[in-house]
Amino acid sequence: VLSMCGLAKEHLKDQQNNPWNTKIAITRSGGAGFGHCKGTLVSEYFILTAAHCFTIDDTADHIKVTIGDSKQPYPVANIYLHPQYNVGKLKHRGIPEFYDYDVALIKLGKKVEFSFSARPICLPCTQGTTRALRKPLATTTCQDHENELLPVANIRSFFVSDCKYQHDTIGLVRRPVQIKNSDKKMACEQDARNAKFYKNITNIKDVVTDNFLCTGGQDPVLDPNTCKGDSGGPLIIQKKLRYIQVGVISWGVVDVCGHQGTTCEEPNKRKDRTSYSRDFHINLFKVIPWLKEQLADEGLEFI
Ligand SMILES: Cc1cc(Br)c(Nc2ncc[nH]2)c2c(Cl)c[nH]c12
């Protein structure tokens, strides 16, 4: 039977409160690329994450995924990068890293038995999200989902980061951010030029394509920022007591964590955030055809 997506144990914390949260560990001998990323459980066999977490020579046996409360990692059967992801595509134009279509799906080698600490999040344009939004199954469209979840406005959302105490990860903390999807969108995107790797780019829209959602900065309120280790994690919108993923954390302007990661203290005490510290997330509404194709046999009923 279809388990309800996007349900959390509200009165609990950490993994029970974010049961779709997964950790991805990539072991590689001295290669480049990422060692750790985040991801979300989206069905019994699939994890959604960022494509840039993997390098060309990462094979399934080098990837370990931990889900729920279990310390025992799941085996990985295969990795599917979005076909249009190409980090080196604009190198010839002085853009060292290009994150368009920065999404990937990991197929696990073992089915996930859902529990209170391991449950899937809702994806846009699926029947599960129609139910979560309490809309009629027969007439609700993907466009209705987009109009409801990503209106032209500043949209309240959150991402989840590890919170550490003296270098030990002791929990998960939700970081509230606003998606600038209206008059503040342009300024949010323009601040990408403050990233050291994009400083001499003339047209920032070359790197910030229409496939990104933009968060961060101080207007209308001070938003927390992502760290490199948050790559692949979800940008989530809560509707009553249901959670729908609308983005995948792709890249940011300032890596506010550096080595020590995010502490659990009140985020606002962190002084390092500036008006131009922005974060960019792949908008899942822009990759629905790919999601639909890859997740065809997962019983998610895309609409
Ligand atoms: C989540 C995340 C991913 C990556 Br990749 C980063 N690095 C970067 N962004 C552009 C080019 N390289 C950052 C930074 Cl910096 C902050 N958060 C990040």
Side-chain angles (χ1 to χ4, degrees), residues 21-26 28 31-40 48-56 58 81-82 85-91 93-104 157-164 172-175 177 179-180 188-201 203-209 211-217 222-236 245-263 267 270 272-284:
N21 182 68
T22 70
K23 283 185 186 316
I24 298 161
I26 301 138
R28 56 173 75 107
F34 272 64
H36 289 274
C37 273
K38 294 279 184 62
T40 44
L48 178 60
T49 184
H52 82 251
C53 296
F54 309 107
T55 57
I56 196 69
D58 285 332
L81 306 186
H82 192 287
Y85 170 71
N86 178 356
V87 68
K89 183 177 176 187
L90 303 180
K91 263 202 172 67
R93 288 170 51 183
I95 297 167
E97 301 164 16
F98 182 52
Y99 290 108
D100 208 9
Y101 295 101
D102 184 15
V103 284
S157 63
F158 68 89
F159 66 89
V160 177
S161 44
D162 291 328
C163 94
K164 298 179 190 312
L172 293 170
V173 60
R174 291 182 182 178
R175 301 284 192 201
V177 288
I179 300 169
K180 279 72 178 178
C188 199
E189 296 182 341
Q190 289 301 318
D191 278 338
R193 65 176 70 250
N194 292 295
K196 58 183 186 310
F197 13 79
Y198 296 145
K199 61 183 176 310
N200 51 10
I201 289 178
N203 180 5
I204 207 65
K205 283 301 282 176
D206 287 347
V207 282
V208 185
T209 65
N211 296 325
F212 289 100
L213 299 170
C214 191
T215 64
L222 178 67
D223 276 0
N225 290 109
T226 67
C227 310
K228 288 202 171 194
D230 294 325
S231 296
L235 188 61
I236 297 171
Q245 180 172 355
V246 295
V248 171
I249 298 175
S250 177
W251 58 280
V253 171
V254 179
D255 188 5
V256 295
C257 301
H259 58 286
Q260 98 284 3
T262 47
T263 53
R270 292 226 310 268
D272 47 20
R273 275 195 298 281
T274 64
S275 65
Y276 62 80
S277 294
R278 308 295 194 158
D279 294 300
F280 297 86
H281 319 261
I282 294 294
N283 178 348
L284 289 183

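For the single chain, residues carry numbers from 1 onward in sequence order. The figures here come from the full heavy-atom set of this structure, side chains too, leaving out hydrogens, waters and symmetry mates. Note that the structure is a prediction, hence the values are computed from the model and not measured. As the structure lists them, so they are numbered: ligands from 1, and atoms in each ligand from 1.
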Exercise. Does a donor on one side chain sit under 3.5 Å from an acceptor on the other, for Asp279 and Thr226?
Worked result: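 Side chains of Asp279 and Thr226: pair found under 3.5 Å.
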For this session: Using a strict 4.0 Å cut-off to heavy atoms of Ile249, name the atoms of ligand 1 that fall inside it.
Result: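 Once the distances to Ile249 are compared, the set is 1 (C).
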Problem set entry | Atoms of ligand 1 close to Ser231 [distance to a heavy atom under 4.0 angstrom, numbered from 1] |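 Selected atoms, number and element: 1 (C), 2 (C), 3 (C).
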Exercise. Just by modelled atom types, is the Glu97 backbone N or O under 3.5 Å from a matching donor or acceptor in the Tyr198 side chain?
Worked result: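 Yes, because the side chain of Tyr198 sits within donor-acceptor range (under 3.5 Å) of the backbone of Glu97.
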Problem set entry | From Ala195, Gly229, Gly252 - option closest to atom 9 (N) of ligand 1 by heavy atom |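 Heavy atom nearest to atom 9 (N) of ligand 1 belongs to Gly252.
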Exercise. Out of Phe280, Phe197, Tyr198, whose heavy atom is nearest to atom 10 (C) of ligand 1?
Worked result: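 Ranked by closest heavy atom to atom 10 (C) of ligand 1, first place is Phe197.
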Problem set entry | ligand 1 contacted by Pro96 (non-hydrogen, < 4.0 Å) | no
For this session: Locate the shortest heavy-atom distance separating Val160 from Asn21; write the atom from each residue and the value.
Result: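 Closest approach of Val160 to Asn21, heavy atoms only: CG1-OD1, 4.5 Å.
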For this session: Taking all heavy atoms of Phe98 and all of Tyr85, pick out the closest pair and write down the distance.
Result: O-CE1, 4.3 Å
State whether the shortest distance between N or O atoms of [X] and N or O atoms of ligand 1 falls below 3.5 angstrom.
{"X": "Val254", "answer": "no"}
{"X": "Glu97", "answer": "yes"}
{"X": "Thr226", "answer": "yes"}

For this session: Please work out whether the ring planes of Phe280 and Phe212 are parallel, tilted or perpendicular, with thresholds of 30° and 60°.
Result: perpendicular
Exercise. If you round to the nearest 0.5 Å, how far is CZ of Phe159 from CG of Asn225?
Worked result: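 Interatomic distance, Asn225 CG to Phe159 CZ, rounded to 0.5 Å: 7.0 Å.
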